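The structure displayed is predicted, hence computed values, not measured ones. Positions are given from 1, in the same order as the sequence printed here.
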Amino acid sequence: MIKLFAIDMDGTLLNSEDKISPSTNEAIKNLNKAGVKTVLTSGRVMSSLIINSKILGIDNPMVANNGALIKLDSKESLSEYPLEDVHIKELIEFCEDHKFIFHFYDEDTFYSNRLDEDRLKHLKLDNDYGLNYQCNISITEDPYKYLKEKGKPAYKILIGCLNSHPYGEEKAVEIIKEAFADKLYVTSSGPGAIEIMEPHVNKWEGIKILADHLGIKSDEIAAIGDSYNDLPMVENAHLGFAMGNGNEKIKEVANHVVADNNSTGIKQAADIILKYNKENSSV
């Protein structure tokens, strides 16, 4: 019986306009009513997950920054696995040497040394007054120094805009992986970007930590996603779902491929889970 459903956000929960469709919202409500705990599991900053949970009308556990930060609800934290200082400093120096555009997150703030609104558009809020992003924005000459002055950890660094870098995306990715893949977890949530966390941090490890705390077994977990950073959870979950808009790799490891994020992908997955639970109610 499935008791926990880990749901990626970008390209999965959210459509191409970064919205939650009515059918998705209803499907998630139905799962929770049936006793399946839905868990937003994203590479995004935690404050964005909290805001989208409010849109869904739930206050369930959340796994942010690809597993680096886990909360039991909007108030209570469970575990955190930030980048070590030596690693974040090395990564920033590397980006500066290669003129890579980068940003990193603490729990509720986006830090960078360069303002590029394209990198923030997915975090826009639909309001016309006050803060219009789902997190705080800090653009300073030395973002690491400001992070430390605040006494905050960084959970993930993203190196972006690689498709417009002079190296070209393929060469840039090769250089980044050559420098860090043997000591950190290097992944991607979409074209033109590389995301880096501590080596033991990924979405599946985050979900396992949460599930263990909740008394949920691995064979009681389902997961859905569309990109490379979703691979660990989709491949290892008892029921793994790939979105129709997902890449070929995630479709290969999934048990089911559902419709895309502009259609009824989440609803189809929810229906499969509810049917599975009905047929395996005593398991």
Side-chain angles (χ1 to χ4, degrees), residues 2 5-34 36 38-45 47-58 60 62-64 66 117-127 132-135 158 160-163 169 187-193 195 203 222-235 237 239-276:
I2 299 300
F5 186 27
I7 304 172
D8 170 54
M9 286 180 58
D10 292 287
T12 304
L13 176 78
L14 304 172
N15 62 25
S16 56
E17 296 179 347
D18 291 320
K19 309 292 184 188
I20 300 171
S21 72
S23 71
T24 294
N25 199 322
E26 182 181 4
I28 288 174
K29 283 182 167 60
N30 288 339
L31 284 169
N32 282 281
K33 286 177 184 176
V36 179
T38 57
V39 177
L40 299 188
T41 309
S42 176
R44 286 193 181 205
V45 60
S47 57
S48 178
L49 276 68
I50 292 172
I51 286 171
N52 280 279
S53 289
K54 288 179 180 176
I55 292 170
L56 289 165
I58 59 175
N60 284 359
M62 293 164 280
V63 177
N66 291 325
E117 291 192 11
D118 279 348
R119 289 187 294 152
L120 294 167
K121 62 185 181 182
H122 67 292
L123 294 171
K124 274 277 204 178
L125 282 171
D126 282 334
N127 68 334
N132 62 343
Y133 287 100
Q134 297 175 8
C135 63
L158 186 147
C161 305
L162 298 179
N163 44 9
E169 183 172 358
T187 187
S188 173
S189 60
E195 301 179 14
K203 289 187 177 185
I224 187 167
D226 72 302
S227 199
Y228 295 105
N229 62 334
D230 301 313
L231 278 170
M233 68 176 188
V234 171
E235 185 171 18
L239 288 182
F241 298 90
M243 296 296 289
N245 53 288
N247 62 43
E248 290 306 310
K249 183 64 177 175
I250 202 157
K251 290 178 180 177
E252 288 174 9
V253 303
N255 303 108
H256 303 275
V257 178
V258 294
D260 65 36
N261 63 322
N262 289 316
S263 185
T264 56
I266 295 287
K267 182 182 183 305
Q268 288 181 18
D271 289 345
I272 292 169
I273 291 170
L274 292 174
K275 181 181 178 184
Y276 176 88

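- Side-chain N/O atoms of Asn262 and Ser16 include a donor and acceptor closer than 3.5 Å.
- The closest donor-acceptor contact from the side chain of Ser188 to the backbone of Ala193 lies under 3.5 Å.
- Looking at Val257, Ile272, Val234 one by one, the single match for side-chain contact (heavy atoms from CB on, under 4.5 Å) with Phe241 turns out to be Ile272.
- Scanning for salt bridge (charged side-chain N to carboxylate O under 4.0 Å, His left out) contacts around Glu17 gives an empty result, with sequence neighbours left out.
- Put simply, the side chain of Glu169 never gets that close to the backbone of Leu162: no donor and acceptor are under 3.5 Å apart.
- For Ile55, the side chain to side chain contact (heavy atoms under 4.5 Å, CB included) partners at least two apart in sequence or on another chain are Ile20, Ile51, Asn52.
- Of all heavy-atom pairs spanning Ser42 and Leu49, the tightest one is CB-CD1, 3.8 Å.
- Looking only at distances, no side-chain donor or acceptor of Asn60 sits under 3.5 Å from a matching main-chain atom of Val39.
- A distance of 4.0 Å separates CD1 of Ile2 from CG of Leu239, quoted to the nearest 0.5 Å.
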All N/O donor-acceptor pairs, side-chain side in residues 248-255, below 3.5 Å, sequence neighbours left out:
unit_1, atom_1, unit_2, atom_2, d
Lys251, NZ, Gly244, O, 2.9
Asn255, OD1, Gly240, N, 2.6

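- By the 4.5 Å heavy-atom criterion applied to side chains, Ile224 and Val258 are counted as neighbours.
- Here the CD1-CG distance, from Ile266 to Asn15, works out to 11.5 Å after rounding to the nearest 0.5 Å.
- Considering every non-hydrogen atom in both Ala34 and Leu274, the closest pair reads CB-CD2, 3.6 Å.
- Atom CG of residue Asn261 and atom NZ of residue Lys19 lie 14.0 Å apart, to the nearest 0.5 angstrom.
- Remark: Met62 CE to Thr38 OG1 distance equals 10.5 Å, nearest 0.5 Å.
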Indicate every side-chain donor-acceptor pair of residues 5-12 with a distance under 3.5 Å to a residue at least two apart or in another chain.
unit_1, atom_1, unit_2, atom_2, d
Asp8, OD1, Lys203, NZ, 3.0
Asp8, OD2, Thr12, OG1, 2.7
Asp10, OD1, Arg44, NE, 3.4
Asp10, OD1, Arg44, NH2, 2.6
Asp10, OD2, Arg44, NE, 2.8
Thr12, OG1, Asp226, OD1, 3.4

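- Here Asp271 pairs with Lys267 under the side chain to side chain contact (heavy atoms under 4.5 Å, CB included) rule; sequence neighbours left out.
- Using a 4.5 Å cut-off on side-chain heavy atoms (C-beta onward), Leu13 and Ile28 make contact.
- Put simply, CD on Glu195 and CG on Leu158 are 5.0 Å apart, with the number rounded to the nearest 0.5 Å.
- No donor-acceptor pair closer than 3.5 Å links the side chain of Ser23 to the backbone N or O of Ser21.
- Every residue meeting the side chain to side chain contact (heavy atoms under 4.5 Å, CB included) condition with Lys54, not counting sequence neighbours, appears here in chain and number order: Ile50.
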